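Structure, as structure tokens:
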Amino acid sequence: MHLSRFPRVFLAHLPTPLEKLDRLSKELGGPEIWIKRDDCTGLSTGGNKTRKLEFLMAEALALGADIVMTQGATQSNHARQTAAFAAKLGMDCHILLEDRTGSNDANYNSNGNVLLDRLHGATISKRAGGMDMQAEMEMVANKLRAEGRLVYVIPGGGSNATGALGYVNCAFELVSQANDRGMVIDHLVTATGSAGTQAGLITGLKAINAGIPLTGIGVRAPKQKQEENVYNLALQTAKKLGCPDVVSRSDVVADSDYVGSGYGIPREDTLEAIRMFAQLEAILLDPVYSGKGAAGLIDYCRKGKFKKGERVVFLHTGGSAALFGHDAFFAGDSKALAAE
Ligand SMILES: *Cc1c(COP(=O)(O)O)cnc(C)c1O
């Protein structure tokens with residue numbers, strides 16, 4: 001498998017660390033839990049979009065684009081990382097933000113990722129929740145084209161076959177790290193949203209016959225829909241790589257039982273997962289993606305789905321910048337010192 005055939009801008013801090021979570025493993029009393037630190041990819045506080053953007057932005061450069069556009073929810077990590085990457089390459093960046101949650105919270109609407117979008121110099125326009133954001137992007141892109149701009153449009157989450165190459169590469173990187181230390185991985189778990197991360201991972205794992213089952217913990221769509229999205233993108237990714245038959249439908253497993261009432265709305269177990277990772281391992285999760293992914297991981301350990309003696313790797317997809325747009329969820333968390 002020869003990823004060097006595809007244009008890429010090398011910017012991520014790779015390989016990301018693979019670390020053992022001793023205190024969390026002990027607390028849960030089940031499998032040995034490890035973490036793949038894709039929250040440490042670099043680029044404006046890191047996260048999983050850096051790997052995808054290495055391939056997407058290289059394509060934008062190759063096409064001679066002078067402006068990139070993308071879209072996401074108000075606290076989109078993908079929008080923030082796209083704005084940062086564009087700044088690094090000296091390109092303009094325009095972002096459409098969809099108000100998916102209807103929140104009036106001041107920090108939600110202007111702190112966290114939104115603050116960083118602005119700092120990186122992106123222009124932002126807003127849309128009401130439920131609009132066809134891809135169509136909205138095309139409309140704006142066509143206006144810019146009429147003005148003579150060369151626009152490169154990146155889909156939400158950077159999730160197409162080009163972006164997914166970043167996670168094919170992550171699968172290779174993870175297996176190589178495991179091989180180098182004689183470590184057997186029994187399960188891999190990650191949050192799954194716009195599907196590029198899971199689709200790239202499963203394509204990479206299957207292409208090298210790694211034999212590591214992957215579970216995506218959903219953050220929005222119901223199980224069936226999520227699995228179809230991931231599978232379809234995995235097929236396109238495998239085709240792009242020249243190995244069209246490596247992924248079967250049964251390789252794609254998503255669990256949407258931890259979504260709760262909707263995208264961006266945390267459940268109690270999402271917040272518990274965020275607190276546990278922060279207090280046991282000093283690792284920051286977020287309430288939209290990695291907190292839900294970790295809630296699934298923790299529940300699987302508690303229910304014995306992952307057994308004692310097994311080794312589970314949680315791929316940390318990032319998102320900590322969004323914490324500063326969601327501080328209201330933790331408003332009651334302050335502890336007092338008993339002696340005072
Ligand atoms: C985008 C994102 C995800 C989901 O990845 P997809 O490739 O969209 O499925 C997970 N975690 C974080 C922090 C993200 O920003």
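This one's a predicted model, so the numbers in the text were calculated from it and none came from an experiment. All ligand and atom numbering here is 1-based and tracks the order in the structure.
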Looking at I274 and G291, what are the two nearest heavy atoms and their distance? CG1-CA, 4.1 Å
If the condition is salt bridge (Lys or Arg N to Asp or Glu O under 4.0 Å), which residues does D117 pass it with, not counting sequence neighbours? none
Please find the pair of heavy atoms, one from L233 and one from G196, that lie closest to each other, and give the distance. CD2-CA, 3.6 Å
Identify the protein atoms, limited to N or O, that lie within less than 3.5 Å of an N or O atom of ligand 1, and list each pair with its distance to 0.1 Å.
unit_1: ligand 1; atom_1: 5 (O); unit_2: N48; atom_2: ND2; d: 3.0
unit_1: ligand 1; atom_1: 5 (O); unit_2: T197; atom_2: OG1; d: 3.3
unit_1: ligand 1; atom_1: 7 (O); unit_2: K52; atom_2: NZ; d: 2.6
unit_1: ligand 1; atom_1: 7 (O); unit_2: G196; atom_2: N; d: 3.4
unit_1: ligand 1; atom_1: 7 (O); unit_2: T197; atom_2: N; d: 2.9
unit_1: ligand 1; atom_1: 7 (O); unit_2: T197; atom_2: OG1; d: 2.6
unit_1: ligand 1; atom_1: 8 (O); unit_2: S194; atom_2: N; d: 2.9
unit_1: ligand 1; atom_1: 8 (O); unit_2: S194; atom_2: OG; d: 2.5
unit_1: ligand 1; atom_1: 9 (O); unit_2: G193; atom_2: N; d: 2.6
unit_1: ligand 1; atom_1: 9 (O); unit_2: S194; atom_2: N; d: 3.2
unit_1: ligand 1; atom_1: 9 (O); unit_2: A195; atom_2: N; d: 3.0
unit_1: ligand 1; atom_1: 11 (N); unit_2: T317; atom_2: OG1; d: 2.6
unit_1: ligand 1; atom_1: 15 (O); unit_2: K49; atom_2: NZ; d: 2.9
unit_1: ligand 1; atom_1: 15 (O); unit_2: N77; atom_2: ND2; d: 2.9

Does CG belonging to D180 count more than 12 external heavy atoms closer than 6.0 Å? yes
Nearest heavy-atom neighbours spanning L205 and A171: N-CB, 3.7 Å
About how many Å separate OG1 of T50 and CG of L43, when rounded to the nearest 0.5 Å? 4.5 Å
